[in-house]
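Here is the structure we will look at, set down as structure tokens.
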Amino acid sequence: MKRYLPAVAVAAAVAFAAVAATAAPTAMATPAFAPAPGKPAATTASTPTASTSTTAVTKSPVRVVRSGERVDAGRGWTVWLTREGKHWAGPDGFENFRSVVDGNIDPSEPGVSHQSEGDQNGVFHSGLYYGTRKAGKVVLTGQDGTTTTAVLLELPGRPGWGVWYAHAAAEGKGGAAVALYDRQGRLLAELPGWDGRDGRNG
């Protein structure tokens, strides 16, 4: 019997090797982490969808500034806001002020004011808008129909008033019209322009 033991051992070893060689490719062909047949692998498609819905929210067109913060309005002009109202200065450094607390505006309903200064090289337009916490834009319309969308500034806390400013070409003896819109594009208030011939002035 002893002379047959090595042969049995060899036969067993050969059989084990054959089984291992046959099983190995099957194990490699179907790794443990592979998706089941007919089912797609997991994706992150939901992540871009959430991101898209977030970025679709319309940003406020109003820039919020600190009380007294000087804003460079371009071409040598500076604008700043305080609780009392609108301040601005031109290239000559001379400071101007328009109050929101002196009783000259009615904050209970939407309104807009307009001041302009300049020469034949261009005009700096600015003013107040008030009576709304949903200001969308202020549009300046020249006598020739050219429109300019103004920059909007407000103090923190949505106080119900703010300041607008814009640069435009000189218009001779006339003046531009000004219109205030909400964020849905509805007209809230306007000042008509004037042509310098009939005395009309907004």
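Values reported hereafter were calculated over all heavy atoms of this structure, with side chains retained and with hydrogens, waters and symmetry mates removed.
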- Message: So if I apply the side-chain contact (heavy atoms from CB on, under 4.5 Å) rule between V163 and each of L81, V62, V65, which one comes out positive?
- Response: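 The option that passes is L81.
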- So which of V100, V112, N104 actually passes side-chain contact (heavy atoms from CB on, under 4.5 Å) with L128? V100
- Message: Does any part of the side chain of E95, heavy atoms only, come nearer than 4.5 Å to the side chain of W80, both counted from C-beta?
- Response: yes
- Message: Counting C-beta onward and ignoring hydrogens, is there a side-chain heavy-atom pair between P91 and R75 closer than 4.5 Å?
- Response: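 Result no, sub-4.5 Å side-chain heavy-atom pair not found.
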No-hydrogen, no-angle side-chain donor-acceptor test under 3.5 Å, [X] and [Y]:
| X | Y | value |
| --- | --- | --- |
| H167 | H125 | no |
| Q115 | K86 | yes |
| W88 | E117 | yes |
| Y129 | E154 | yes |

Between [X] and [Y], which heavy-atom pair has the shortest distance, and what is it?
| X | Y | result |
| --- | --- | --- |
| P61 | A135 | CG-O, 3.7 Å |
| G111 | A189 | CA-CB, 3.7 Å |
| P156 | P159 | O-CD, 4.0 Å |

Distance from [X] atom [atom1] to [Y] atom [atom2], nearest 0.5 Å?
| X | Y | atom1 | atom2 | answer |
| --- | --- | --- | --- | --- |
| T78 | Y165 | OG1 | OH | 9.5 Å |
| L180 | W164 | CG | CH2 | 10.5 Å |
| T82 | L155 | OG1 | CG | 7.5 Å |
| L188 | K137 | CG | NZ | 11.5 Å |
| Y130 | D106 | OH | CG | 7.5 Å |
| H114 | L191 | NE2 | CG | 8.0 Å |

Measure from the side-chain N and O atoms of [X] to the backbone N and O of [Y], and report whether any donor-acceptor pair falls under 3.5 Å.
| X | Y | value |
| --- | --- | --- |
| R133 | R158 | yes |
| Q120 | A170 | no |
| E171 | Q143 | yes |

- Message: side chain to side chain contact (heavy atoms under 4.5 Å, CB included) for L153 and V71? Distances and angles first, verdict last.
- Response: CA-CA 9 Å; L153 305 174; V71 176; 4.1 Å; yes
- Message: Between E84 and R98 (salt bridge meaning N to carboxylate O under 4.0 Å), is one present in this structure?
- Response: no
- Is V151 reachable from V79 through a run of I, L, V, M, F, W or Y residues, each pair having side-chain heavy atoms under 4.5 Å apart? yes
- Message: Run the side chain to side chain contact (heavy atoms under 4.5 Å, CB included) test on V138 and V178 for me, step by step, so that the C-alpha distance in whole Å, both residues' side-chain angles and the decisive distance to 0.1 Å come before the verdict.
- Response: CA-CA 7 Å; V138 170; V178 181; 3.6 Å; yes
- ring pair (Phe, Tyr, Trp, His ring centres under 6.0 Å) filter on F97, not counting sequence neighbours, yields H87
